[in-house]
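These numbers come from a predicted model, not from an experiment. In what follows, chains are A, B, ... by sequence order, proteins preceding strands, each numbered from 1. For the numbers below, each heavy atom of this structure counts, side chains included, while hydrogens, waters and symmetry mates do not.
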There are 2 protein chains.
Amino acid sequence: MTETNRPAIDGLEIDAPHRDLLDQVLDKWPLQVLDRLCEQPSRFNELRRAIPAVTQKSLTATLRRLERNCVVDRVITSSRPIAVEYRITSLGKTLRGPIDELLQWTAMHMPDVERARAKFDDEA
Amino acid sequence: MTETNRPAIDGLEIDAPHRDLLDQVLDKWPLQVLDRLCEQPSRFNELRRAIPAVTQKSLTATLRRLERNCVVDRVITSSRPIAVEYRITSLGKTLRGPIDELLQWTAMHMPDVERARAKFDDEA
DNA sequence: CGGGATCCCAAGCGATACTG
DNA sequence: CAGTATCGCTTGGGATCCCG
């Protein structure tokens, strides 16, 4: 520890970049934003209303990250008063399949999981 | 099928339980643990060695959560000295498909994303 | 061997206020 | 309208020590 305070990161996890990308795309807010934008382009405040639990700070951060990863497009549609529209990109659309399969998995197996949880919690 | 409409339940998100389940299964450590256990049953310390970056605490917590959700099975194979083996369950195996598709997505589009990121960071 | 119990810090998030 | 800035708290995680 006479070293830096940087945590010792070693080489081979599932692959850091991949993990990182999944985090930025599948997290709580990103997932919901993508879900919404897949259905329709939306303005900032429309997204806030569509996802009531998100704060402006988190939404902004989420959108920036998604834009950075090129799954969402930020389009200024008017300058005064400023209007911004967020749209899913073609790359973003390719996420639909994987995400939907994931959601279908949870939908299909949620009962099993909840039963398992109840049992686990009960035994403990 | 494309009845895109989310029920737009009052104040509810993409569905908290689903989100929650995804979190517990797709997070950094769970993903790597599942990945490993899909290939072979493993003991606790084998997992630590297979995933060098994980701490004992995180690994324990991860395994407990996976066990609680019934995607991983905890099997005591010896009592003295105690030996525990973790195995993927049948439910856990059904996660392979969705997860693999996700990883294939990242693998396929990582170049695009990295280019986009570089461009984004450069412009900023 | 497979953990449980602590301490502790930094990152993240919510809440709030302000701006072009 | 669509953000930026700041602050304070919560908490997840690493590090460490110990036990059956």
Side-chain angles (χ1 to χ4, degrees), chain A residues 1-10 13 16 19-20 23-33 36-37 41-68 72-87 120 123-124, chain B residues 11 13 16 19-20 22-33 36-37 41-68 72-87 120 123-124:
Chain A
M1 315 294 183
T2 60
E3 272 277 11
T4 68
N5 47 4
R6 189 189 60 166
I9 300 177
D10 30 39
E13 299 145 31
R19 247 259 58 82
D20 192 50
D23 281 341
Q24 304 200 15
V25 149
L26 293 181
D27 250 13
K28 185 177 186 180
W29 304 129
L31 198 63
Q32 295 179 64
V33 167
R36 163 81 188 210
L37 292 185
S42 304
R43 308 263 298 269
F44 187 84
N45 284 318
E46 287 177 342
L47 286 171
R48 291 191 69 176
R49 270 173 253 125
I51 312 170
V54 76
T55 63
Q56 97 295 6
K57 183 180 178 179
S58 296
L59 181 55
T60 302
T62 296
L63 288 168
R64 287 290 172 280
R65 236 170 290 139
L66 293 179
E67 188 194 354
R68 191 173 103 98
V72 156
D73 208 8
R74 183 177 185 270
V75 184
I76 301 177
T77 62
S78 152
S79 303
R80 187 206 80 269
I82 190 169
V84 179
E85 196 172 79
Y86 292 94
R87 301 175 189 167
F120 185 93
E123 289 173 352
Chain B
E13 299 130 40
R19 248 258 59 83
D20 190 50
L22 289 180
D23 281 341
Q24 302 199 16
V25 150
L26 293 180
D27 249 15
K28 186 177 186 180
W29 303 128
L31 198 63
Q32 295 178 62
V33 167
R36 163 81 190 212
L37 292 185
S42 304
R43 307 263 298 271
F44 187 83
N45 283 317
E46 286 177 343
L47 286 171
R48 292 191 68 174
R49 270 173 253 124
I51 312 169
V54 76
T55 63
Q56 170 274 323
K57 183 182 178 180
S58 298
L59 182 55
T60 301
T62 296
L63 288 169
R64 287 291 170 280
R65 236 170 290 139
L66 293 179
E67 188 194 355
R68 191 173 102 98
V72 156
D73 208 7
R74 183 175 184 270
V75 184
I76 301 178
T77 60
S78 151
S79 304
R80 172 197 61 284
I82 192 169
V84 178
E85 196 172 78
Y86 291 94
R87 300 175 189 168
F120 186 93
E123 289 173 353

Using OP1 and OP2 only, check whether a side-chain N or O of [X] sits under 4.0 Å from [N].
X        : N       : result
Tyr86(B) : dG3(C)  : yes
Ser58(A) : dG12(C) : no
Arg43(A) : dA2(D)  : yes
Arg64(B) : dG3(C)  : yes
Thr55(B) : dA15(D) : no
Arg74(B) : dG3(C)  : yes

Quiz item: Residues in side chain to side chain contact (heavy atoms under 4.5 Å, CB included) with Arg80(A), at least two apart?
Solution: none
Quiz prompt | Toward the 5' end of DNA chain D, by each residue's nearest nucleotide, Gln56(A) or Asn45(A) | solution =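 Taking each residue's closest nucleotide, the earlier one in sequence belongs to Asn45(A).
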Are the side chains of [X] and [Y] in touch, meaning some heavy atoms are under 4.5 Å apart?
X        : Y        : result
Arg74(A) : Arg64(A) : yes
Leu63(A) : Phe44(A) : yes
Leu22(B) : Leu26(A) : no

[X] [atom1] to [N] [atom2], straight-line distance once rounded to whole Å:
X        : N       : atom1 : atom2 : result
Ile82(A) : dT4(D)  : CD1   : P     : 10 Å
Lys57(B) : dG12(D) : NZ    : P     : 9 Å
Leu47(A) : dC1(D)  : CG    : C1'   : 13 Å
Asp27(B) : dG12(C) : CG    : P     : 14 Å
Glu46(A) : dA2(D)  : CD    : P     : 8 Å
Lys28(B) : dA11(C) : NZ    : P     : 14 Å
Arg48(B) : dA15(D) : CZ    : C1'   : 11 Å
Ile51(A) : dG14(C) : CD1   : P     : 13 Å

Output side-chain donor-acceptor pairs under 3.5 Å for residues 53-61 of chain A, partner residues at least two apart or in another chain, one line each.
unit_1: Thr55(A); atom_1: OG1; unit_2: Ser58(A); atom_2: N; d: 3.3
unit_1: Thr55(A); atom_1: OG1; unit_2: Ser58(A); atom_2: OG; d: 3.2
unit_1: Thr60(A); atom_1: OG1; unit_2: Gln56(A); atom_2: O; d: 2.8

